[in-house]
Amino acid sequence: MHDFTRRDFVVAALASGFALAVQPLAAETILTPADGLDAGLVEIPTADGKIPAYRAQPAGKRGLALVLVVQEIFGVHEHIKDVCRRLARLGYLAVAPELYARQGDVARIEDIQTILQTVVAKVPDAQVMADLDACVAWARASGAADGTRLAVTGFCWGGRITWLYSVHNPQLKAGVAWYGRLEGQATANMPRHPLELARELKVPVLGLYGGADSGIPLDSVERMKAALAQ
């Protein structure tokens, strides 16, 4: 069993908003109101305990389509929660699990490289896939989701996860990856990357990549497009 004291810290971070690394909030930051919504923290049962998550849905509604919202490296900060509320206003149940809950509290780390080395690198892809599966099971068991309409979207680190989960779960109806790494060196925690899995993909995925984004080289995107076309 993992250390649940660490998860308590993560719950506190979820409640506090943006991670320190992305403070302060800009004046133009979108803040979608929660009126008319059931929105807030929930606990998702997993095989080794519970993980915190933020969820938003139209108040009093059941049998909704479910959208899994996958965090970037800064965790489930205010922007990710706002995305959930926007989706809820469109009639969806949106759930953003804290996928680093076992490894560390990124809200208390300001340096990006420290986040990557001390937390993100320790998060196994297999753990993430299982946690997203647990979110689906929780939503179905609660009756909030109808069990048949399911999508995933993710940002940066979560963009890569969007591709992986779209291969992992063929029951998905769609995925939307907001940038995110497509290829890289294999590690024990990240044994395969989206480009290697492209031919196994059975789910429609929209990949959104910027031409001026030096973090995701255009030749990597072109290789992904070629692999998907085969």
Side-chain angles (χ1 to χ4, degrees), residues 2 44 46-49 51 53 66-76 80 83 95-104 106 112-139 150-211 213-230:
H2 291 278
I44 306 295
T46 72
D48 61 347
I51 61 170
L66 171 62
V67 181
L68 300 172
V69 180
V70 186
Q71 67 197 50
E72 55 184 359
I73 65 166
F74 300 112
V76 183
I80 299 299
V83 169
V95 180
E98 180 50 77
L99 296 168
Y100 304 159
R102 300 168 183 81
Q103 280 75 33
V106 294
I112 292 177
Q113 289 304 315
T114 301
I115 291 174
L116 291 171
Q117 294 168 8
T118 65
V119 178
V120 178
K122 298 178 181 179
V123 180
D125 287 342
Q127 172 189 292
V128 175
M129 299 299 106
D131 285 348
L132 292 174
D133 285 345
C135 289
V136 176
W138 170 84
L150 172 64
V152 62
T153 189
F155 300 82
C156 196
W157 180 87
R160 174 181 174 273
I161 295 299
T162 294
W163 289 103
L164 298 188
Y165 194 68
S166 295
V167 172
H168 171 80
N169 187 349
Q171 295 181 354
L172 284 167
K173 300 299 184 185
V176 179
W178 298 83
Y179 44 100
R181 197 165 71 177
L182 294 171
E183 55 186 332
Q185 183 176 357
T187 68
N189 286 335
M190 297 186 294
R192 301 180 75 187
H193 293 284
L195 184 57
E196 303 167 65
L197 298 167
R199 295 186 183 181
E200 300 175 30
L201 189 66
K202 306 298 182 185
V203 173
V205 177
L206 173 64
L208 301 170
Y209 296 87
D213 183 357
S214 60
I216 312 295
L218 279 179
D219 59 344
S220 180
V221 177
E222 292 302 320
R223 284 194 289 274
M224 187 66 174
K225 288 167 61 178
L228 291 170
Q230 294 178 1

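The shown structure was predicted, so the numbers you read here are calculated from the model rather than taken from an experiment.
A 4.5 Å side-chain heavy-atom check between Gln103 and Asn189 finds every atom pair outside the cut-off. The shortest side-chain heavy-atom distance between Gln171 and Val136 does not fall under the 4.5 Å cut-off. Leu132 is listed as a side-chain neighbour of Ile161, based on a closest heavy-atom distance under 4.5 Å. Val152 places a side-chain heavy atom less than 4.5 Å from the side chain of Leu172. The shortest side-chain heavy-atom distance between Ile51 and Glu98 does not fall under the 4.5 Å cut-off. Counting only heavy atoms from C-beta outward, the side chains of Leu197 and Trp163 never approach each other to under 4.5 Å. At least one side-chain heavy atom of Asp125 sits under 4.5 Å from a side-chain heavy atom of Pro191.
Not counting sequence neighbours, the partners of Arg192 by the salt bridge (charged side-chain N to carboxylate O under 4.0 Å, His left out) test are Glu200. Applying the side chain to side chain contact (heavy atoms under 4.5 Å, CB included) test to Leu208 and every residue at least two apart in sequence or in another chain returns Val176, Trp178, Leu206. Judged as a salt bridge (charged side-chain N to carboxylate O under 4.0 Å, His left out), and not counting sequence neighbours, Glu196 has no contacts. Listed by chain and number, the residues in a side chain to side chain contact (heavy atoms under 4.5 Å, CB included) with His168 are Met129, Asp133, Tyr165 (sequence neighbours excluded). Residues satisfying the side chain to side chain contact (heavy atoms under 4.5 Å, CB included) criterion with Ser214, sequence neighbours excluded, are absent altogether. Partners of Val221 under the side chain to side chain contact (heavy atoms under 4.5 Å, CB included) rule, at least two apart in sequence or in another chain, are Leu182, Tyr209, Ile216, Lys225.
Heavy-atom minimum distance, Ala53 versus Pro97: CB-CA, 3.5 Å. The two residues His193 and Gly184 come nearest to each other via the heavy atoms CD2-O, 3.1 Å. Minimum heavy-atom separation, Arg199 to Ala227: CG-O, 4.3 Å. For Ser166 against Gly175, the heavy-atom pair with the smallest separation is OG-CA, 4.2 Å. Closest approach of Gly210 to Leu218, counting heavy atoms only: O-CD2, 4.5 Å. Listed here is the closest heavy atom pair of Ala96 and Ile80: CB-CG2, 3.7 Å.
Atoms OG1 and CG, from Thr162 and Leu68 in turn, are 9.0 Å apart once rounded to the nearest 0.5 Å. Atom CG in Leu99 sits 7.0 Å away from atom SG in Cys135 (nearest 0.5 Å). Put simply, CE on Met224 and CG on Leu201 are 7.0 Å apart, with the number rounded to the nearest 0.5 Å.
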>> One pair to check against side-chain contact (heavy atoms from CB on, under 4.5 Å): Asn169 and Leu150. What are the steps and the verdict?
In response: CA-CA 10 Å; Asn169 187 349; Leu150 172 64; 3.5 Å; yes

> So Asp131 and Ile44, side-chain contact (heavy atoms from CB on, under 4.5 Å) or not? Walk me through it.
Replying inline: CA-CA 8 Å; Asp131 285 348; Ile44 306 295; over 6 Å; no

> Do Ile115 and Trp157 pass the side-chain contact (heavy atoms from CB on, under 4.5 Å) test, and can you show the C-alpha distance, the side-chain angles, and the key distance before you say yes or no?
Replying inline: CA-CA 12 Å; Ile115 291 174; Trp157 180 87; over 6 Å; no

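Enclosure of atom CD in Gln230 by more than 12 non-hydrogen atoms of other residues, nucleotides or ligands within 6.0 angstrom is indicated.
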